[in-house]
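Below, each value reflects all heavy atoms present in this structure, side chains not excepted, and no hydrogens, waters or symmetry copies. Each ligand, and each atom within it, is numbered from 1 in the order the structure gives. Remember, predicted model here, so these are calculated numbers, not experimental data.
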Amino acid sequence: MSTQNRIPVHEPEIGEEEIEAVVAALRRGEISGTFGQALPEFEEKFAAYCGCKHGIAVTNGTTALQMAVTAAGVGAGDEVLMSASTNIATALAAYYNNAVPVPVDSEPVTWNLDPSLIEELITPRTKAIIPVHLFGHPCAMDQIMEIATKYGLAVIEDCAESHGATLNDQMTGSFGGMGCFSFYANKVITTGEGGMVTTNDDRLAEKLRSLRNLCFGQPRFVHQEAGYNFRMTGYQAAMGLAQLGKIEQIIEQKRRIAQTYNTYLNDVPGVQTPAELPGVRNVYWMYAVSIEPEFGRSRDELADILREQGIDTRTFFCPMGQQPFLQEQAGYRDIPCPVADHLWESGFYLPSANSLDEGSIRRICDAIRDAGRF
Ligand SMILES: *Cc1c(COP(=O)(O)O)cnc(C)c1O
């Protein structure tokens, strides 16, 4: 096994623009986001990119989700429906608000939550739904919004993997009442750590700004409500602005990588490649595949073979229903999620760094094909 040409699942790309922007913000004294211009400018420009009126920058994607659930008025004992196959942060957003996360199983084509399963899970306690645009493919927002309207549920989109993804030319993050983004190191654009809540609702925007900054009241230091300190720094916002300037280029690279993988994996039996439904722009945050029985080896066996050849992979998320701490939560609902359970066994993502060249992709795909027993 050679270590010099190991292919990692992701490699952040930090350019001179980002370095200069951060240094310039520091020189202007933009230590906290509450001083200076970079933060309001980043919020305004990122929200506009998403087709939204307001952006509220926060410390990370997890806190964006937690704060959005609070702002939606979800509290103790309430239930929040969400994609079963997701980062634990989505479930924690409900958990930290003393609400119960309720998993909605995935559908087998896009791996997003299956909208046909939502209605039967709604109870009088259901207050909100969090669709997760997994790996950059938008959820079926038309159907989800219709159900939410019918039952009066808040919709909070988890857009941590879907910056710039569209459905019928509309950006993810602009369908529901709020959209929650992450700018973690491996996300579509990054500020190192960081997040944003987008909304078109003036009242929600005001509430989110207050929640982010400890809910200062009148007079200052008298608090009517429990807030959070989820403030982003000004120099992170400056980095975000530099990244935002390149976002379309970054997405083009991600789409090129996905197209190249698709071409080489197209005829490999038992490798399910990522979908792009009609009317969708998938941003392919990571190039994810599912290893189905026809491949002749399990996902874990294939991952081991690839690792021996210096090719890193990472599994899909462990579904919510299998999280021990959630099973112990009061009000826990044991909802069968066979598709999400299957994806936890069969799914992984392949190296997806933007710098990945065609030769490396070809090498990875050849290794996969050679490992198959079909
Ligand atoms: C990364 C991610 C989050 C959490 O974002 P952080 O910035 O890491 O806190 C939430 N949801 C999904 C789907 C994610 O991929």
Subset of ligand 1 atoms that lie under 4.0 Å from at least one heavy atom of Glu161: 13 (C), 14 (C), 15 (O)
Which heavy-atom pair separates Met196 from Phe46 by the least distance, and what is that distance? CE-CB, 3.5 Å
Can you check which of Asp158, Leu134, Thr86, Thr59 brings a heavy atom nearest to atom 11 (N) of ligand 1? Asp158
Considering only non-hydrogen protein atoms, determine which one is nearest to atom 9 (O) of ligand 1 and report residue, atom name and distance to 0.1 Å. Thr62 OG1, 2.5 Å
Trp285/His133 under side chain to side chain contact (heavy atoms under 4.5 Å, CB included): CA gap, chis, key distance, verdict: CA-CA 10 Å; Trp285 168 58; His133 307 298; over 6 Å; no
Thr63 contact mode with ligand 1 (heavy-atom cut-off under 4.0 Å): neither
Considering Phe183, Phe135, Tyr184, which one's heavy-atom position lies nearest to atom 8 (O) of ligand 1? Tyr184
Checking side-chain hydrogen bond (donor to acceptor under 3.5 Å, both in side chains) for the pair Asp357/Ser360: CA distance, chi angles, key distance, verdict? CA-CA 6 Å; Asp357 58 26; Ser360 303; 2.7 Å; yes
Compute the ring centroids of Phe183 and Phe42, then answer whether they are less than 6.0 Å apart. yes
Relative to ligand 1, is Val132 under 4.0 angstrom through side chain, backbone, both or neither, heavy atoms considered? side chain
Could you check if a side-chain atom of Phe317 sits within less than 4.5 angstrom of a side-chain atom of Val132, using non-hydrogen atoms only? no
Of all the atoms in ligand 1, which lie at a distance below 4.0 Å from a heavy atom belonging to Ala160? 2 (C), 3 (C), 10 (C), 11 (N), 12 (C), 14 (C), 15 (O)
What do we get for Glu193 next to ligand 1 when only non-hydrogen atoms under 4.0 Å count, side chain, backbone, both or neither? neither
Per-atom contacts of ligand 1 with Gly61, taking only distances under 4.0 Å to non-hydrogen atoms: 5 (O), 6 (P), 7 (O), 9 (O)
Without swapping roles, check the side chain of Asp312 against the backbone of Arg314 for a donor-acceptor pair under 3.5 Å. no
Which one holds for Asn60 and ligand 1: side chain close, backbone close, both close, or neither close, with close meaning a heavy atom under 4.0 Å? both
Taken to the nearest 0.5 Å, the spacing of Gln253 CD from Ser355 OG works out to 8.0 Å
Nearest non-hydrogen protein atom, atom 1 (C) of ligand 1: Lys187 NZ, 1.5 Å
Considering all heavy atoms, the nearest Val283-Glu161 contact: CG2-O, 3.8 Å
